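Quick note: residue numbers are just sequence positions, from 1. Each ligand, and each atom within it, is numbered from 1 in the order the structure gives. Owing to the predicted nature of the structure, the values given are computational and were not obtained by experimental measurement.
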Amino acid sequence: MCSNLKGRHISAKGVALRNNNKKYMKKLFFIITLSFLFASCVNKTSVDLIIKGATVYTIDSSFTIAEAIAVKDGKITATGSSADMLKNYEAKETIDAAGKFIYPGFIDAHAHFVGYGLGLQTVNLVGTESWEDILHHLGDAGKTMDTAAWLIGRGWDQNDWPVKEFPNKEKLDAMFPNRPVFITRVDGHAAIANQKAMDLAGVQPGTSLTGGQVETKNGKLTGILIDNAVDLVSAKIPPHTIAQIKTALLAAQQNCFAVGLTTVDDCGLDYDAILFIDSLQKAGDLKMRIYAMLSDNKKNFDFISSKGKIKTDNLTVRSFKVYADGALGSRGACLLQPYNDKPGWSGFLLSPATHFDSVAAVIYKMGFQMCTHAIGDSGNRVILQAYARQLKGKNDLRWRIEHAQVVNPNDLRLFGENNIVASVQPTHATSDMYWAGNRLGPERVKNAYAYNDLLKQNGWLPLGTDFPVEDISPFKTFYAAVVRKDARGFPADGFQPENALTRQDALRGMTIWAAKANFEENEKGSLEKGKFADFIILDQDLLKTAAEKILQTKVITTFINGKKVFNANNTNGN
Ligand SMILES: [Zn+2]
């Protein structure tokens, strides 16, 4: 009211002043705009890389989703909207992700990286359909693998062939007259060797031994070796050379990058293998980050007790891998009650229970992490109780039980009460579901692969694969964890779906929770300022894509330290 009155009675002098003010304000506005533009140019922070136009799942504590990411010196500088990143940062390289999806690089919390790499240097004959099929595989492999070395294969089974008889080595000799070839049957109890291998092992027609057979026909070696005769030839295979191990690790690394893995836990290595990994990483050949667990043997304890923990950007060594029992499939897992399909048999512990107590005491004193393979409910109980005796309640030592496959419901609380970490592999659930009920019976199987029950204990749960026991693909882990079906969609309702994880939790299990299981959550596992720029670009949104399409997810690019290490369009990563 008042201002309206004033406005009506404004003087001529006042009008002149107001016009002057207007001019002044225009000038001021022009200067401010100029200086702002100038300032925004010079004040932009320079970074190495900006990726814009993506859906960025940061996997931070509030599950923030961003559009863009800025990287400098191998670390994450910032995440945010594309507009903000471009406004605040000037990059040497800018990539438009064109709407694709960015996640932290996957971490496999339980694998056997070295074993997988060495396995890649042998010919996989699982599922071969005939002797001719095997020869075909060997012929292909012979061209690419180190031609001076033994050609080794494994996994054939004549029961899968139309003619279910052992073959004869004649064609093998013709293909490989000068190179030893040795291929073992799927169960390891039989093998086929060519003449060159037989010669190197000194095996001749008439060679006899107890507990084995060297097969002959018409006085000639057929190439078939049964039981202990297998060892006559396998004992002559030279140990891997340094060059072969290097080739194996680099091949393993390339396959891992192609499925989005940027860190893997190698569960059980000797210290010399770990030192070799360290040397390859320091030389820049091996870019894969490794969390290495030492195997439970005296030379490793002796080595590390003088050396202490090992920590570089690429390698962490601060844990021991111990075995409580065997596997459920072969009925080696130690159960509280006999197997449902083998009355009177409960499996067994691989060491006396006192061993676990004494090892736990040593590891506790060293301030190391203990990681124990336990499958059966008895194996898990023995280890949980041995851990509890050392840990005595809440702690941050993150002692792990690897697999935690069958856990008696009465023992679940021991995980939470002592902050014991269950390190689980969701594909084991969907690989074993066809026969796990036979082993355990309809009631006890409900206590198996109980990932949701285990998650509730500590509120976090690291996930892995156990490759090469399972496939290396993290997408198979994700699918098995959230859908609990096989690739064909069986069973229709999922296997014990009450223990499926949510998509968010499965992703956390493959990133930040896996990092936490390795004491590395402050440097990796999420896309946050200051962490390693280890991330992947995927063609699908794992949070939203239809369940039946999850397994088709492809990695477009994998980055470690902000550098491309895999590019789907160029497998050299450049
Ligand atoms: Zn394993």
**Request:** Might you confirm whether atom OH of Tyr364 has over 12 heavy atoms from other residues, nucleotides or ligands at distances under 6.0 Å?
**Result:** no
**Asked** Glu523 pairs by salt bridge (charged side-chain N to carboxylate O under 4.0 Å, His left out) with which of Lys311, Arg289, Lys531?
**Response** Lys311
**Request:** Check which protein N, O or S atoms are less than 2.8 Å from the Zn ion (ligand 1) and report how many there are.
**Result:** 3
**Criterion salt bridge (charged side-chain N to carboxylate O under 4.0 Å, His left out) on Asp396 and Arg398, from CA distance to verdict** = CA-CA 5 Å; Asp396 193 31; Arg398 306 182 196 179; 3.0 Å; yes
**Request:** Could you tell me whether Phe113 and Tyr291 have their ring centroids closer than 6.0 angstrom?
**Result:** no
**Message:** Taking the basic N atoms (NZ, or NE/NH1/NH2) and the acidic carboxylate oxygens, is any pair closer than 4.0 Å for Asp471 and Lys476?
**Reply:** yes
**Item:** Arg185/Asp157 salt bridge by N-O under 4.0 Å criterion
**Value:** yes
